Amino acid sequence: MSLRQAVDRSRAYLCLECGICTGSCPVSRFHSAYSPRLTVEKALLFDEEESLRDAEMWACLTCGTCDIRCPSTVDFTGFMRSLRERARQIGQEGVCTHAETIEAVIELQTSAHYRRSTSWMASGKTVGKAKYYYFAGCLPFLDVIFDDIGFEGRRIGTSVIRILNRIGITPAVSEGEVCCGHDAYWTGQTELVETLATTNIRAIRKTGAKKVIFSCPECYYMFKHVYPEIVGDLGFQPVHIFDVLVPHLDSFKFKPVKAKVTYQDPCRLARIEGVIDEPRRALRALPEIDFVEMQRIGKDAVCCASSNWISCSRVNKQIQLDRLEEAISTGARTMVTACPKCNIHLRCAARDDECKIKIDIVDIFVLLADHLGGGKRGT
Amino acid sequence: MENAARDGFSLSPGTSVIPVRCSGLIKVSFLLKLFAKGTEGVLVLGCLEQDCRYFNGSTRCGQIVDETRKILELAGIDAAKLGFHLISESQGKEFKKILGRFAKRVGKKRRRRVSASSSR
Ligand code: SF4
Ligand code: SF4
């Protein structure tokens, strides 16, 4: 896609130069050289070379805050994505974090002898064919990679399965499942996304599932918005676990949680999907919980400040420490989130020497599953 | 490896050597990408821990291999296809044995084997 097409498609030509995007951007706040407004202005000069070589383009978190605040409805993240796609064609790319481990895991998943293990899910009930499918995504791999910071990805997956089992759903899982391609999508790797999407669709269709359940907001986003653009009709409906879970909350009879907790809204789930009330209802269903809100919540929540496994710098750490401080100032010492990535990135920052007061980062499905009481089973 | 070569040892066809300055420099991504490209087995060879001239290179390499093996298992690839041995440069015979045993373990269906080793 040329720069002109990127401008046209994202409506960047409507830019009023108001600067609301830059004023809202978490990156710009700590890194003055980065400005979405300036990126748009530069693009409108149509100097493609200059735009594509701008290293700052890889600093965008694609959090979407600017998108929802722009008075001219400029789709900045869409613009950024097209720009990155084009930049990759001339050999530019972002700096991979974690020594490219995650990139390599994705590459491994596209190789011929890849067959994902499902045995780690054994503590819950799963099958090969069913009406519902559970898409675990990269959870087991992230579990291994971020073991050093105490991230338990597999526990998130098994917690989701336990919750589903309690509702009466025995989901199908598949050895043919691969990464959803979310990060490849936002870093402009179109071909890789297509490969991953078609592989996933093939694997899921084999299970005969009509509804595919997601716990990861990013996987959910991909299946809901991007996959249909690639393959057309999916042949099944992507649903977020909250949609399945919330109607059953009353029947769960949770055990009490004697803690003060706050909730971090994931960008994809809150800002893009508008799933804001559901996680809060789930948390409030836990008896004795002292749930407190941070100042910036819902669509105004601050991104966990690292995305697509690129560009993790001092700036990102500052955004995270600032967010943790906001959480700590509520008096809560537990921050619950519904996204494995928020969990990893904020957990990493919480272990930084500069984070003076200790705060635990806990996954919402782990918290809920660990407090399941002896409630009734049924659909 | 040069010591082993002096004993009349040569690598079997289909095996390639990737020299690295220190086994501690090997990354998980590097090993995974070899498997992604269809390599049947990867044998990582490093110096004995007490011989490391960068302090903890071999120990670090052991951790990297552990992490990679866990990822391979999750991806349905037998972790035994990633071998790991620490040997000293004087152990030419031992080297031969390790390589022989590893080749057997990786099996007949191998297409390409690579041994990554530190260059001492
Ligand atoms: S908020 Fe929208 S109109 Fe304002 S500077 Fe940014 S892109 Fe332009
Ligand atoms: S998407 Fe987020 S990080 Fe990127 S420019 Fe917009 S507000 Fe900044």
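Naming convention: chains lettered A, B, ... in sequence-line order (proteins, then strands); numbering from 1 in each chain. What you see below is based on every heavy atom in this structure, not just the backbone, and it leaves out hydrogens, waters and symmetry mates. All values derive from a computational prediction rather than experimental measurement.
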Output the distance between atom [atom1] ([X]) and atom [atom2] ([Y]), rounded to the nearest 0.5 Å.
X	Y	atom1	atom2	result
B:F35	A:H113	CZ	NE2	8.0 Å
B:E67	A:D148	CD	CG	7.5 Å
B:K27	A:T101	NZ	OG1	9.0 Å

Subject >> Within 6.0 angstrom of A:E191 CD, more than 12 heavy atoms from elsewhere >> reply: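 No, not enclosed.
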
Original post:
Mind checking which of residues 71-80 of chain B sit less than 4.5 Å from chain A, heavy atom to heavy atom?
Top reply: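 Heavy-atom contacts from residues 71-80 of chain B to chain A are B:I71, B:L72, B:E73, B:L74, B:A75, B:G76, B:I77.
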
Original post:
Which of residues 102-111 of chain A have a heavy atom under 4.5 Å from any heavy atom of chain B?
Top reply: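 Answer by number: A:E103, A:A104, A:V105, A:E107, A:L108, A:S111.
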
Original post:
By ring pair (Phe, Tyr, Trp, His ring centres under 6.0 Å), which residues pair with A:H98, not counting sequence neighbours?
Top reply: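 Applying ring pair (Phe, Tyr, Trp, His ring centres under 6.0 Å) to A:H98 gives A:F146, A:W309.
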
**OP:** For A:Y227, enumerate each residue passing the side chain to side chain contact (heavy atoms under 4.5 Å, CB included) test, keeping only those at least two apart in sequence or located in another chain.
**Re:**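 By the side chain to side chain contact (heavy atoms under 4.5 Å, CB included) rule, A:Y227 matches A:C180, A:A197, A:N200, A:I201, A:M222, A:F223, A:L234.
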
